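The shown structure was predicted, so the numbers you read here are calculated from the model rather than taken from an experiment.
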Amino acid sequence: MHLDTFFSVSQHTSLFLLSVVMGAALGVVYDCFRVVRILLPPAAESKSVAVSDIIFWLIYGFCIFCYAAAFGRGQVRFFIILGSLAGFVLYILTVGNLITGVIRRIVTAFYRILHKVYSSTIEPLVKSLKNICQKVLRIFVQIYKKITNKKEVQKNS
């Protein structure tokens, strides 16, 4: 069994193009992380962004390693890394921005609908319950004052 140590030009080209496709696929994975940031806005302002980015780049590195092991005869070539980064950047700047923009609009519309439902149903109920609780509290305070006043009158007599 004879192993070739060199790649032909056509093999280099196909490895490069496949690495571009892999980079675009990793862009989809990164979009999943971005969608979580959109859905949970407080997450975008915390340390979880740094943690998720580190997790993503570990996944990215693992994918490069697996790609090189499976298709590149275990050799990580610069053009493989360059192709995957090019595919990633192309995806993020084109389809990725389009997808996250649509998701932002959907989430914003969903939050608006939830706010309208809340303000028309739950908020009046909460206000009513708050008013009832305040009135009941006043009654209990008045009863408590009467009881303590009677005890003081009985002590003084």
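For the atom pair CD1 (I59) and SG (C32), the distance works out to 9.5 Å, reported to the nearest 0.5 Å. Put simply, OG on S52 and CH2 on W57 are 12.0 Å apart, with the number rounded to the nearest 0.5 Å. Atom CZ of R105 is separated from atom OG1 of T100 by 9.5 Å, given to the nearest 0.5 angstrom. Atoms CZ and CG, from F56 and D31 in turn, are 9.5 Å apart once rounded to the nearest 0.5 Å. Separation of atoms CD1 (I147) and CD1 (I143) is listed at 7.0 Å; rounding is to 0.5 Å. Once rounded to the nearest 0.5 Å, the distance linking CG of L18 with OG1 of T13 reads 11.0 Å.
Using a distance-only test at 3.5 Å, with no hydrogens or angles considered, no donor-acceptor pair links the side chain of Y30 to the main chain of F88. The main-chain N or O of L15 is found under 3.5 Å from a side-chain atom of Y67 such that the two form a donor-acceptor pair. Formation of a donor-acceptor pair under 3.5 Å by the R34 side chain with backbone atoms of G96 is found in this model.
Contact check for L90 versus V95: no side-chain heavy atoms found under the 4.5 Å cut-off. Counting only heavy atoms from C-beta outward, the side chains of V107 and R104 never approach each other to under 4.5 Å. Contact check for L17 versus V21: no side-chain heavy atoms found under the 4.5 Å cut-off. Taking 4.5 Å as the limit, every side-chain heavy atom of V49 sits out of range of all side-chain heavy atoms of F33. Looking at S84 and I64, their side chains come closer than 4.5 Å, going by heavy atoms from C-beta outward.
Residues L82 and L85 fall into different hydrophobic clusters, defined by Ile, Leu, Val, Met, Phe, Trp and Tyr side chains chained together at heavy-atom separations under 4.5 Å. Hydrophobic clustering, with ILVMFWY side chains joined whenever heavy atoms are under 4.5 angstrom apart, groups F79 together with M22. The cluster map of Ile, Leu, Val, Met, Phe, Trp and Tyr, joined by side-chain heavy atoms under 4.5 Å apart, puts L93 and Y60 in the same cluster. Hydrophobic clustering (side-chain heavy atoms under 4.5 Å, transitive across Ile, Leu, Val, Met, Phe, Trp, Tyr) groups V76 together with F71.
Contact detail for I99 and Y91: the closest heavy-atom pair is CD1-OH, 3.5 Å. The two atoms that bring S19 and G83 nearest to each other are OG-CA, 3.4 Å, heavy atoms only. The heavy-atom pair separating S119 from P124 by the smallest distance is O-CD, 3.4 Å.
The local environment of OH in Y118 is crowded, with over 12 non-hydrogen atoms from other residues, nucleotides or ligands closer than 6.0 Å.
A salt bridge links R37 to D53: one of the charged nitrogens lies within less than 4.0 Å of a carboxylate oxygen.
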*Would you sort out whether Q134 and N131 count as a side chain to side chain contact (heavy atoms under 4.5 Å, CB included), showing the intermediate values?*
CA-CA 5 Å; Q134 287 176 346; N131 289 335; 3.9 Å; yes
_Test log, rule side chain to side chain contact (heavy atoms under 4.5 Å, CB included), inputs R77 and I80_ = CA-CA 5 Å; R77 303 274 180 129; I80 293 173; 4.1 Å; yes
